[in-house]
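These notes are about the structure you will find just below.
Just follow the structure's listing: the first ligand is 1, and inside any ligand the first atom is 1. As the structure is a prediction and not an experimental result, all values here were calculated from the model.
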Amino acid sequence: MDRIVKVGIIGCGGIANGKHMPSLHQIPNVEMVAFCDIVEERAVKAAEQYGTEDAKVYTDYKELLKDESIEVVHVLTPNKEHADITVDALYAGKHVMCEKPMAKTAADARRMVEAAKATGKKLTIGYQHRQKVSAQVAKGYVENDTLGEIYYANCYAVRRRGTPNWGVFLNEEEQGGGPIIDIATHSLDLTLYLMNNYEPALVMGRTHKKLEHPEAGNIWGDNGVSTTPLEEAACAFIQMKNGATILLETSWALNTAEPISEGSCVLCGSKAGLSLKDNKLVLNKIELNRPVKTEVDTSAGGVAFYDGASATPQLTEAVNWINCIINDTDPVVLPEQALVVSEILEAIYTSSKTGKPVYFE
Ligand SMILES: NC(=O)c1ccc[n+]([C@@H]2O[C@H](COP(=O)([O-])OP(=O)(O)OC[C@H]3O[C@@H](n4cnc5c(N)ncnc54)[C@H](O)[C@@H]3O)[C@@H](O)[C@H]2O)c1
């Protein structure tokens with residue numbers, strides 16, 4: 001990593017400040033040279049905190065895209081804007097990291113894939129759960145065939161009372177939906193990645209909005225959450241073309257005593273199974289005619305700054321992304337894969353509205 005990569009940030013809100021800018025800031029050969037937000041103060045503050053001395057501030061992303069020195073753009077706006085900004089950025093010759101979900105609709109996500117293909121620029125999506133050490137170890141077990149054929153999976157993003165009631169999360173027009181598009185998107189991405197299966201055959205789903213006061217007990221407080229039109233929970237059955245089945249469960253608010261955080265899944269294979277729940281990775285199989293469970297230690301074992309287990313997923317994501325630009329390799333999250341996630345999530349909403357399964361060609 002010996003050359004400088006100049007990055008422009010579009011959208012300087014929560015995820016920019018919580019994930020992207022602090023991570024990019026730790027990579028020595030990244031320079032954040034431009035910041036754009038429709039709320040100018042946010043871009044100014046970001047430029048002061050993370051930018052180069054001569055970093056530019058914009059309120060119109062199209063102006064930022066005119067800067068030819070910028071090689072990479074991070075699109076960190078609400079979901080509705082992802083597609084237009086990403087497509088414009090790709091056609092302006094930039095490589096793009098766009099936040100999850102890929103887009104508000106599958107049609108928008110498809111436009112993004114087509115733009116990446118047409119321009120030959122790299123496009124990736126911020127599914128950082130793939131970069132967790134536990135997820136990478138799980139992937140290793142899949143790749144060395146410890147599990148055999150994975151034909152049965154569960155995919156979880158289940159919160160008891162965790163409705164994000166700030167910013168635009170409750171705005172259907174901006175975001176496109178509730179927990180399905182917000183957090184199940186992470187779990188489904190991880191599940192498909194570990195299964196290495198991107199060929200859905202049918203999706204049957206049902207969304208729920210039943211609680212009288214979903215804001216009661218919310219970990220982020222009561223902010224009038226019950227006025228949102230969005231789903232509080234959903235359950236879906238996904239069948240893949242090879243016959244594998246996935247049960248997806250998701251909620252922002254649900255009367256369950258056993259929440260399981262996003263980025264969790266269970267994979268059952270013909271030789272062994274694997275559970276990755278709340279970062280705890282457990283293998284199960286039969287040995288000496290007895291069921292055996294093995295918990296994988298993915299901690300740093302007390303070693304400070306050990307760069308395997310102590311690197312955060314968001315830092316690993318940023319490092320891998322910048323490396324793929326420098327080395328001209330594929331990003332960890334391919335746009336075609338993220339598109340399938342968007343198509344399945346949209347099918348859950350469609351199936352819930354029509355009461356019928358959605359079939360894929
Ligand atoms: N990877 C994760 O785990 C994770 C977590 C939280 C949010 N996200 C995603 O990040 C995205 C942003 O969410 P957030 O929580 O940061 O929201 P936010 O509202 O805090 O920040 C979005 C920012 O974008 C700005 N903006 C809106 N339209 C713009 C435009 N056209 N040009 C420039 N700036 C514009 C807003 O003013 C705001 O400052 C969403 O897509 C969300 O799903 C991902």
Side-chain angles (χ1 to χ4, degrees), residues 8-24 34-47 49-50 56-65 73-89 92 94 96-105 108-109 112 124-132 135 157 159 162-190 220 223 230 250 252 261-264 279 312-318 321 332-333 338 341-342 345:
I9 303 288
I10 302 179
C12 302
I15 200 66
N17 283 283
K19 171 175 148 181
H20 294 264
M21 298 188 301
S23 302
L24 290 169
F35 299 80
C36 172
D37 201 294
I38 48 173
V39 181
E40 192 173 9
E41 310 88 91
R42 293 186 191 159
V44 170
K45 185 169 170 281
Q49 195 171 353
Y50 295 106
K56 305 272 189 316
V57 165
Y58 301 91
T59 51
D60 178 350
Y61 76 86
K62 291 189 177 171
E63 293 300 313
L64 181 150
L65 295 180
V73 156
H74 283 220
V75 177
L76 314 176
T77 61
N79 302 346
K80 186 181 160 199
E81 282 79 30
H82 286 184
D84 284 349
I85 299 178
T86 296
V87 169
D88 286 349
K94 318 298 183 197
V96 179
M97 153 71 79
C98 175
E99 251 312 327
K100 67 81 199 163
M102 188 170 195
K104 188 179 142 181
T105 65
D108 272 352
M112 294 161 76
T124 195
I125 307 300
Y127 285 124
Q128 76 272 3
H129 286 277
R130 289 195 195 190
Q131 320 265 356
K132 297 185 291 199
R159 296 180 182 167
T163 302
N165 50 11
W166 64 88
V168 292
F169 279 107
L170 303 182
N171 182 329
E172 187 170 24
E173 169 59 17
E174 286 290 336
Q175 293 292 90
I180 293 176
I181 202 160
D182 179 36
I183 53 176
T185 191
H186 274 305
S187 309
L188 184 60
D189 173 69
L190 183 67
W220 292 297
N223 194 19
L230 305 175
T250 190
W252 276 344
S261 70
E262 52 265 34
S264 293
N279 261 339
T312 61
Q314 52 269 34
L315 179 58
T316 309
E317 176 181 85
W321 168 234
V332 175
V333 179
V341 174
S342 287
L345 297 180

Kindly confirm or rule out an N or O of [X] lying under 3.5 angstrom from an N or O of ligand 1.
| X | value |
| --- | --- |
| Gly167 | no |
| Thr77 | yes |
| Trp166 | no |
| Ile15 | yes |

Select the closest option to [atom] among [options], judged by heavy-atom distance.
| atom | options | result |
| --- | --- | --- |
| atom 28 (N) of ligand 1 | Asn17, Ile38, Val75, Val168 | Ile38 |
| atom 3 (O) of ligand 1 | His20, Gln128, Gln175 | Gln128 |
| atom 31 (N) of ligand 1 | Met102, Lys62, Glu81 | Glu81 |
| atom 36 (C) of ligand 1 | Ile9, Asp37, Ile85 | Asp37 |

For this session: List the atom of Tyr127, the atom of Thr185, and the distance in Å for their closest heavy-atom pair.
Result: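 Looks like OH-OG1, 2.7 Å.
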For this session: Among all protein heavy atoms, pick the one closest to atom 2 (C) of ligand 1 and tell me residue, atom and distance.
Result: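 For atom 2 (C) of ligand 1, the nearest protein heavy atom is His186 NE2, 3.4 Å.
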Side chain, backbone, both or neither: the part of [X] lying under 4.0 Å from ligand 1 by heavy atom:
| X | value |
| --- | --- |
| Thr59 | neither |
| Phe169 | side chain |
| Glu99 | side chain |

Min heavy-atom dist [X] to ligand 1 below 4.0 Å:
| X | result |
| --- | --- |
| Lys19 | yes |
| Gln314 | no |
| His129 | no |

Exercise. Who passes side chain to side chain contact (heavy atoms under 4.5 Å, CB included) against Trp220, sequence neighbours left out?
Worked result: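 With sequence neighbours excluded, Trp220 shows a side chain to side chain contact (heavy atoms under 4.5 Å, CB included) to Arg159, Pro164, Asn165, Trp166, Asn218, given in chain and number order.
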What are the atoms of ligand 1, with element, lying closer than 4.0 Å to any heavy atom of [X]?
| X | answer |
| --- | --- |
| Val39 | 37 (O) |
| Pro101 | 43 (O) |
| Pro78 | 22 (C), 24 (O), 27 (C) |
| Gly14 | 16 (O), 18 (P), 20 (O), 21 (O) |
| Asn79 | 40 (C), 41 (O), 42 (C), 43 (O) |
| Arg42 | 36 (C), 37 (O), 38 (C), 39 (O) |
| Gly126 | 1 (N) |

Problem set entry | Glu40 CD: over 12 foreign heavy atoms closer than 6.0 Å |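 No, CD of Glu40 has 12 or fewer neighbouring heavy atoms, counting only those of other groups under 6.0 Å.
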Exercise. Are the side chains of Lys104 and His82 in touch, meaning some heavy atoms are under 4.5 Å apart?
Worked result: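 The answer is no, as the side chains (C-beta and beyond) never meet within the 4.5 Å cut-off.
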Output a table of donor-acceptor pairs, distance under 3.5 Å, between side-chain atoms of residues 174-182 and any protein atom two or more places apart or on a different chain; print 'none' if there are none.
unit_1, atom_1, unit_2, atom_2, d
Gln175, OE1, Asn79, N, 3.0
Asp182, OD1, Lys100, NZ, 2.8
Asp182, OD2, Trp252, NE1, 3.1

For this session: Step by step, work out the salt bridge (charged side-chain N to carboxylate O under 4.0 Å, His left out) result for Glu63 and Lys56.
Result: CA-CA 10 Å; Glu63 293 300 313; Lys56 305 272 189 316; over 6 Å; no
Problem set entry | Trp321 and His20: side chain donor to acceptor below 3.5 Å |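 The answer is no; no qualifying pair exists.
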